[in-house]
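The structure under discussion appears below in the form of structure tokens.
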Amino acid sequence: MKLATWNVNSLKVRLQQVTDWLELNQPDVLCLQETKLQDQNFPIDAITSIGYQAVYIGQKTYNGVALLSKQTGNDVVTAIPKLEDIQKRVIAATYADVRVICVYIPNGSEVGSEKYQYKLNWLAALQQWLQIELIKYPKLALLGDFNIAPEDRDVYDPETWQGKILCSQAERDAFNSMIEMGFVDSFRLFNEQKKIYTWWDYRMMAFRRNRGLRIDHILLSEKLSQSCVECTIDRDMRKHERPSDHAPVVVELSD
DNA sequence: ATGGTAGAGGATCTA
């Protein structure tokens with residue numbers, strides 16, 4: 001089974017790139033973030049015409065998540081239970097015996113801001129939910145834009161980013177508590193290198209200078225991590241004309 | 001400290 005995640009920063013703008021990417025890579029499930037579409041505008045025909053299905057939850061202008069898949073997902077959930085949140089940032093479904101949770105974790109804007117507090121609250125609610133999901137689904141995959149660079153080696157200039165948004169201790173603590181509950185950072189199963197990123201700011205020629213951060217992740221439950229044979233970042237998509245500022249991340253799981 | 005770019009939507013807000 002192949003699972004992938006991609007923050008597309010507007011599915012309307014990136015639709016052709018997404019369908020081309022699906023046809024080329026043939027994942028079983030692709031998690032999308034920042035679709036920025038209301039549900040009535042979701043391009044369902046373009047998705048179904050290439051043999052994929054979709055479940056989605058969106059809103060005007062901001063956020064929005066979707067699961068594109070070859071098979072029909074079961075038990076679709078479109079919010080974190082018990083979290084009051086008008087922002088559309090979560091969608092989950094089960095494919096065979098694998099539970100897939102797609103998240104667009106809040107950016108947080110600036111450490112200490114109202115949006116930062118919202119991010120930390122959101123992460124706390126996510127963790128509580130994950131504890132329950134892990135019991136229900138031993139094969140659990142959490143994919144998405146985490147807006148957290150877990151370690152300094154995931155950051156192009158750790159000194160500049162020290163304590164800043166995406167890198168603050170509280171954010172990293174939240175990431176690490178997910179690791180402590182048994183999730184594995186699939187990328188680090190195969191690659192211990194620095195300077196490998198999934199997001200590069202549009203400004204200041206950041207991509208050309210490889211000034212990026214690794215903030216998009218695929219976390220696998222212990223059970224699923226045992227079957228993981230590959231995790232790759234499709235950096236070349238960032239070279240595309242009118243690219244998303246994020247690259248896709250992909251895992252391959254053996255049967 | 002500030003600004004640079006991109007997307008949505010039509011002035012700013014978010015990232």
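Labels below follow one simple rule: chain letters A, B, ... track the order of the sequence lines, proteins then strands, and each chain is numbered from 1.
Taking atom CH2 of A:Trp199 as the reference point, atom P of B:dA6 lies 14 Å away to the nearest angstrom. In this entry the distance linking CG of A:Asp216 with P of B:dA15 reads 14 Å, nearest Å. Whole-Å rounding puts the A:Tyr202 OH to B:dA8 P distance at 10 Å. When rounded to the nearest whole Å, the span between CG of A:Asn9 and P of B:dA6 equals 11 Å. Atom-to-atom, CG of A:Asn107 to P of B:dA15 comes out at 5 Å; the value is rounded to the nearest Å. Note: CD1 (A:Ile105) to C1' (B:dA15) measures 15 Å, nearest angstrom. Between A:Arg89 atom CZ and B:dA15 atom C1' the separation is 10 Å, expressed in whole Å. Residue A:His246 contributes atom NE2, which lies 18 Å from atom P of B:dT5 at whole-angstrom precision.
Where A:Pro106 and A:Ser10 each meet DNA chain B at their nearest nucleotide, the meeting point lying more 5' is that of A:Ser10. Of the residues near DNA chain B, A:Arg14 and A:Ser109, the one whose nearest nucleotide (by heavy atom distance) lies more toward the 5' end is A:Arg14.
Rounded to whole Å, the C1' atom of B:dT14 lies 16 Å from the corresponding atom of B:dG10. B:dA15 and B:dG9: their P atoms are spaced 15 Å apart (whole Å). For B:dA11 and B:dA1, the C1' atoms lie 25 Å apart once the distance is rounded to whole Å.
Ring geometry, A:Trp199 versus A:His246: the interplanar angle falls from 30° to 60°, so the pair is classed tilted.
At the heavy-atom level, A:Phe207 lies nowhere under 4.0 Å from the strands shown.
Using a 4.0 Å cut-off between a side-chain N of Lys or Arg and a carboxylate O of Asp or Glu, A:Arg188 and A:Asp154 qualify as a salt bridge. For A:Asp97 and A:Lys223, the salt-bridge test fails: no basic side-chain N is under 4.0 Å from an acidic carboxylate O. Using a cutoff of 4.0 Å between basic side-chain nitrogens and carboxylate oxygens, A:Asp152 and A:Arg172 are scored as salt-bridged.
Surrounding CD of A:Gln128 are at most 12 heavy atoms belonging to other residues, nucleotides or ligands under 6.0 Å away.
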Find every protein N or O atom lying less than 3.5 Å from an N or O atom of nucleotides 9-13 of chain B, and list the pairs.
from   : atom 1 : to      : atom 2 : distance (Å)
B:dC13 : O2     : A:Tyr62 : OH     : 3.2

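Looking at A:Lys164, its side chain does come within 3.5 Å of a backbone N or O of A:Thr160 through a donor-acceptor pair.
Clustering of Ile, Leu, Val, Met, Phe, Trp and Tyr side chains at separations under 4.5 Å places A:Ile218 together with A:Met1, A:Leu3, A:Val29, A:Val55, A:Ile57, A:Val65, A:Leu67, A:Val76, A:Ile91, A:Tyr95, A:Val98, A:Val100, A:Tyr104, A:Leu143, A:Phe187, A:Ile196, A:Leu220, A:Leu224, A:Ile233, A:Val249, A:Val251, A:Leu253.
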